[in-house]
Protein chains: 2
Amino acid sequence: MSVDSAALLTQRLSRRAALTSQELEELGNLPYSRRRLAPATYLVREGEPVTFCAILLEGCAIRHKIVRDGGRQIVSLCVPGDALDFQSLYLEYADHNIQTLTYATVDLIPVSAFRDLTSRCPGVAKAISKDILIDCAMLREQVTSLGRRDGRTRFAHALCEFAARSPSRLSQDVEHHLTITQEQMGDLLGLTTVHVSRLFKDFEKNGLIDRNRGTITYQLSDELIEEGDFNSLYLHGDEVPLRSA
Amino acid sequence: MSVDSAALLTQRLSRRAALTSQELEELGNLPYSRRRLAPATYLVREGEPVTFCAILLEGCAIRHKIVRDGGRQIVSLCVPGDALDFQSLYLEYADHNIQTLTYATVDLIPVSAFRDLTSRCPGVAKAISKDILIDCAMLREQVTSLGRRDGRTRFAHALCEFAARSPSRLSQDVEHHLTITQEQMGDLLGLTTVHVSRLFKDFEKNGLIDRNRGTITYQLSDELIEEGDFNSLYLHGDEVPLRSA
DNA sequence: CGCCCGTTTGAAATAATTCAACACCGGTGG
DNA sequence: CCACCGGTGTTGAATTATTTCAAACGGGCG
């Protein structure tokens, strides 16, 4: 398969802000090099300078931080189409790690090329700002979940968010597939693998998810939305409408 | 006192990116109207459109979200100098509430004026992006705290962050004053008021903080930094250096 | 086959919550 | 001036969500 990162990026940014034809062209001309990455490959490490901006074409990646006692917190999940390093476009050092979760395809664009582009194209700069702001909004929701929702609710919420953001969600009642270990899910939800295991079992028993060899399959049902206290407002339109006519 | 919001904003953004003299001038010419606000005044409400951008001159404000069962999570704390609404500069609706914590002075700048400015001045747009990215970084740290640190550590961490960001921190060994109720602190840390009360008592007993009528006083000591698993890397220079020569 | 990683399960331990009562304190009004 | 009041903080005891520990399971793979 040959997804075009330029096309993907252009499409994404166009959704954020109106771009002139010249801006579109400049976006198309960004230099990039494609990489195929194994699961668990680090793209960025906390404390290190970042010199390229990666666009995720296929697969999933995570941002995470490590705390004193060795615990890991997954700060966000990245899905295809996400730019992994707008974060570092203007910041010198990475404050967190970025790592692939599955096999993944990325296009690497030199940060310098990106910086040139944004200083010349205000429309692109605006679209990127908006993209970053949506990231912020998702982080605020994550903070809210971790601070004030219990494990069950957090889990359901995370499933809803993943489904709502998934590019595969073009029509209603699609089945979503999430390949993630229970340890990873625990690190995302701020829970233990043991506890996640029990939640998985419970959700499966209640028919909210199906499981098969490390991947879970589910639909974005009303029940799940209710269970997860999920309201897609915070995605700011970065999702397919929940109730398409 | 007459702090100038234009000056404060200019100073803040200059720290983020190099601005041309023309950009500085345009920043100085932004129209604004000053407001003095009582504690607990809402500036922005979740779900509503935002039409102005507030610059906080004096006092503290919070961003917060409400969950299904009525619980509140404070998503971040705003200190003087913070722009409260870069969030909404490009997003149509607010996904969270913004409320003053104490008496506060703000300058309100119409969002439209700001948008004009950023489309004309790439330097300003860049500085704002960087500002937003630092917000993101603080949110990631907050996620990490809530997900993987226990109550004690979270509390100490929050104190460190507040101190490190405080504009009063011009030299070492300053005393920091934080006026906050235990309920608010609980909502910030994802804890109960009862638990916060016990933490306060414990920290006071250990000499990490002093208390007097709802305000706590403390220094950013090595002990506190250790207790809070605090590393200021994530502030990306948005703080006074910890160990000034 | 045997190993390793991820998962499952039960039992015991713990951090934090809930509940409930009470203390404190500044403000208000009789 | 005192009595009362509401908001805030404190304390203890009981409860709960979640963790920790430990052991066993399963399945894919060299």
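Proteins get letters first, then strands, A, B, ... in listed order; numbering begins at 1 in each.
- If you measure from atom CD of A:Glu183 to atom C1' of C:dG6, you get 9 Å, rounded to the nearest angstrom.
- Whole-Å rounding puts the B:Met185 CE to D:dG9 C1' distance at 14 Å.
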Interface polar pairs with nucleotides 3-5 of chain C, N/O, under 3.5 angstrom:
none

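- Between A:Phe155 and A:Phe200, the distance separating the two ring centers is shorter than 6.0 angstrom.
- Of the residues listed (A:Gln99, A:Gln73, A:His96), the one engaging A:His64 in a side chain to side chain donor-acceptor pair (under 3.5 Å) is A:Gln99, and it is the only one.
- C:dC25 atom C1' lies 15 Å from atom CZ of B:Arg211, rounded to whole Å.
- Nucleotide C:dG6 holds its C1' atom 15 Å from the CG atom of A:Asn212, rounded to whole Å.
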> What is the per-nucleotide protein-contact pattern of nucleotides 12-28 of chain D, from the 5' end, where B denotes a base atom under 4.0 Å from a protein heavy atom, S denotes such proximity for sugar-phosphate atoms only, and - denotes neither?
Replying inline: BB----SBBB------S
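- Atom P of nucleotide D:dT8 and atom CD of B:Gln184 are separated by 8 Å, given to the nearest angstrom.
- As rounded to whole Å, 10 Å separates atom P of D:dT11 from atom CD of B:Gln182.
- In this model, the phosphate group of C:dG6 is not approached by any side-chain N or O of A:Thr181 to a distance below 4.0 Å at OP1 or OP2.
- Between B:Phe200 atom CZ and D:dT11 atom P the separation is 14 Å, expressed in whole Å.
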